[in-house]
Amino acid sequence: MSLATNDSKSGSGKGSGKHFEQVLEKYYELYNKVLAGGSEKAVVLHRSRGKLTARERIETLLDKDSPFLELSALAANGQYDDQFPSAGVVTGVGKVQGRFVVVVANDATVKGGTYIRETIRKHIRAQEIAIDNRLPAIYLVDSGGIFLPEQANVFPDKEDFGRIFSNQARMSAMGIPQVAVVMGSCTAGGAYIPAMCDESIIVKNQGTIFIGGPPLVKAATGEEVTDEELGGGDVHARISGVVDHLAEDDVDALKICRNIVRTFHPEPSQPVNHITSREPHYTPEVLHTLAHTDPSQLIDHEKVIACIVDGSEFQSFKEDYAKTIITGFARIDGFQVGVLANKGVVFGETARKAAHFVQLCNYRKIPMVFLQNITGFIVGKKYEHEGIARDGAKWIHAVATSSVPIISIVTGGSYGAGNYAMAGRAFDPRFLFMWPNARIGVMGGEQAARVLTQLKKAKNKEEVDNQSEEKLYSQIKARYDDESSALYSTSRIWDDGIIDPAATRKILSIVLQIVSARQWPEHRSGVYRM
Ligand code: COA
């Protein structure tokens, strides 16, 4: 299929409208704000101690001019009175010595780099990415451990603070190299981070590691001791042996870390189908004209594909059958990919076509890109009698058992079971990004408001008159609209971050390189109900 569009290179098309521009502007405003880290006062104090900021540390660690794919930059946005920019931790994937690594850098300018629920989710998600893609992990530690007022939300459960350390042990057993650079406080459970790494570095007169700090020691035993005497660089490099290298300052520590990465054994990468890259026929900004905020309109995925794939060329699969899903092959920056993109509500044949295509990609070892804008599965007696649940199950099976990497981009609304089939978070796509206009929820705000108002009315017929019905409807809709927004999702790490639609191709290119860094497992599918 050729994806001819009538747009010019500068983009004309349907036009996204003013509202999308506002949404994009808002995203950039928030993003630029979090780049500064904590309060100005905290940053000044941090620098006065001779420290680099978390983002500067990452920049110094990574290869010059190499990209850094930052994850969930707007985590915790709109929560905790906005006192935790980026949830106090910067995570992402970048290159050291030409090799992709996962980086987790505490931001000590944000409440002493302490951990709230979202900080932990980001840390664990970064480890998950290291595990899935067999990438070394580097922890730049500068943290006061758990943010104590939140202890009930961050300590006891399976995916809480302790998970970080249990992951470290599992990662080590998988042969994933891990290095810690202790550049500030590293206290209580946090002390296990350097202690469980293969190799650790500490900055002299700056880094400290202890299970219990001086106030706790005094309270417990009466012993009086300074930070440095208890667990400073000299103690751990010379006396305890908890670290392996003593660095002069941040820059020296990061240089030592780079040298350590050079000694890692190379992971066998996945042989992939890759040729010379070609630019699409459309500038990335055309994507701004395709993104919109009107839930009643679908995102024009044919045009989106034309904007992101090499030469705007798309080899369609089953073009004339089950037209509410687009399936086919293309290249992104030279990488062969399979693309699945929604084009309307899911019927039985849509699900069967998608399941077939997912199987093809798995057997051909082709990574898949899912473009999600889905209202869900068709409802009604006719479709239930035809077995829509059985057909949907086939598709969900195929996605869940895929062994090739899946990358999901949510371009518009992603609702209900449609989200599962299109590789929502529960289906372990290797990466999942949201456009700023995207939405995620069990159903759209309007539908939810209608359903809930009907239920309420059926229960209390007398109490719900026209006026109160309208009020109820507006309240429910407003709540659903807020809770399904991309900002709400990204604040809670339901995704790996919001991306500017114009950056979609660039990000997919980096991600395709990352997911090819390890060999993919053999494919094995389950039992399909036919
Ligand atoms: N829980 C809650 N808040 C904490 C905290 C913790 N564990 N550690 C630090 N904070 C807060 C401080 O109250 C302060 O808040 P404010 O900005 O609203 O005033 C902010 O984080 C910065 O802390 P501050 O002590 O002023 O900064 P610092 O850079 O001089 O020291 C630490 C940072 C982390 C070394 C120091 O605060 C500390 O030792 N904290 C306690 C660590 C601890 O015992 N953790 C055990 C929990 S597992």
Side-chain angles (χ1 to χ4, degrees), residues 3 5-32 72-74 77 279-309 312 314 324-326 330 332 339-344 369-375 407-415 418-419 422-424 429 431-441 444-446 481-482 484-491 494-509 511:
L3 282 158
T5 75
N6 296 321
D7 295 337
S8 70
K9 273 209 170 208
S10 57
S12 49
K14 182 166 55 184
S16 56
K18 235 185 156 43
H19 194 222
F20 171 74
E21 282 168 31
Q22 285 165 358
V23 168
L24 189 65
E25 252 170 49
K26 175 85 186 158
Y27 158 68
Y28 272 116
E29 185 194 314
L30 294 168
Y31 179 67
N32 288 328
S72 301
L74 295 186
N77 170 66
E279 286 300 312
H281 292 163
Y282 305 93
T283 59
E285 288 70 32
V286 174
L287 288 159
H288 287 168
T289 70
L290 302 175
H292 60 76
T293 56
D294 180 357
S296 65
Q297 299 279 326
L298 289 172
I299 300 288
D300 188 339
H301 277 152
E302 273 159 358
K303 287 186 185 170
V304 171
I305 294 168
C307 289
I308 62 175
V309 306
S312 300
F314 187 69
T324 59
I325 186 126
I326 302 165
I332 294 178
V339 180
L340 284 93
N342 301 115
K343 200 183 167 185
V369 174
F370 283 53
L371 301 175
Q372 292 188 23
N373 171 210
I374 182 157
T375 48
I407 305 145
S408 286
I409 310 281
V410 190
T411 61
S414 178
Y415 298 114
N419 170 268
M422 284 302 286
F431 290 91
L432 185 150
F433 296 104
M434 308 272 285
W435 282 6
N437 55 302
R439 298 193 157 271
I440 178 160
E446 214 173 300
D481 284 348
D482 174 45
S484 61
S485 70
L487 282 175
Y488 194 94
S489 162
T490 213
S491 174
W494 297 342
D495 53 60
D496 292 314
I498 295 179
I499 60 169
D500 181 339
T504 305
R505 175 176 159 86
K506 207 166 83 192
I507 285 170
L508 283 171
S509 160
V511 166

Ignoring hydrogens, what is the shortest heavy-atom contact between [X] and [Y]? Give both atom names and the distance.
X	Y	answer
Ile332	Ser509	CG2-N, 4.3 Å
Ala330	Phe314	CB-CD1, 3.9 Å
Pro429	Gly424	CD-O, 3.2 Å
Phe20	His292	CB-CA, 4.3 Å
Ile409	Trp435	CG2-NE1, 3.7 Å
His281	Ser312	N-OG, 2.8 Å

How many angstroms lie between atom [atom1] of [X] and atom [atom2] of [Y], to the nearest 0.5 angstrom?
X	Y	atom1	atom2	value
Leu487	Tyr27	CG	OH	10.0 Å
Lys303	Ile308	NZ	CD1	15.0 Å
Leu30	Asn77	CG	CG	5.0 Å
Tyr415	Ile440	OH	CD1	9.5 Å
Ser408	Met422	OG	CE	7.0 Å
Gln372	His301	CD	NE2	9.0 Å

Could you go step by step and tell me if Val304 and Ile299 meet the side chain to side chain contact (heavy atoms under 4.5 Å, CB included) rule?
CA-CA 8 Å; Val304 171; Ile299 300 288; 3.8 Å; yes
If we count only N and O atoms by modelled type, under 3.5 Å, do the side chains of Thr293 and Asn437 hold a donor and an acceptor together?
no
Give a yes-or-no answer on whether the side chains of Asn373 and Thr411 include a donor-acceptor pair shorter than 3.5 Å.
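The answer is no; no qualifying pair exists.
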Angle between ring planes, Tyr31 versus Tyr28, binned at 30° and 60°: parallel, tilted or perpendicular?
perpendicular
Among Asn419, Thr375, Asn342, whose side chain to side chain donor-acceptor pair (under 3.5 Å) with Ser414 holds?
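For Ser414, the side chain to side chain donor-acceptor pair (under 3.5 Å) check succeeds only for Asn419.
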So do [Y] and [X] actually touch side chain to side chain, heavy atoms under 4.5 Å?
X	Y	answer
Pro501	Leu290	no
Ile407	Ile507	no
Thr490	Met434	no
Val369	Leu508	yes
Ile326	Val339	no

Run the side chain to side chain contact (heavy atoms under 4.5 Å, CB included) test on Lys506 and Asp500 for me, step by step, so that the C-alpha distance in whole Å, both residues' side-chain angles and the decisive distance to 0.1 Å come before the verdict.
CA-CA 10 Å; Lys506 207 166 83 192; Asp500 181 339; over 6 Å; no
For Tyr488, does its backbone N or O pair with a side-chain atom of Ser491 as donor and acceptor, under 3.5 Å?
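Side chain of Ser491 to backbone of Tyr488, a donor-acceptor pair under 3.5 Å: no, none is there.
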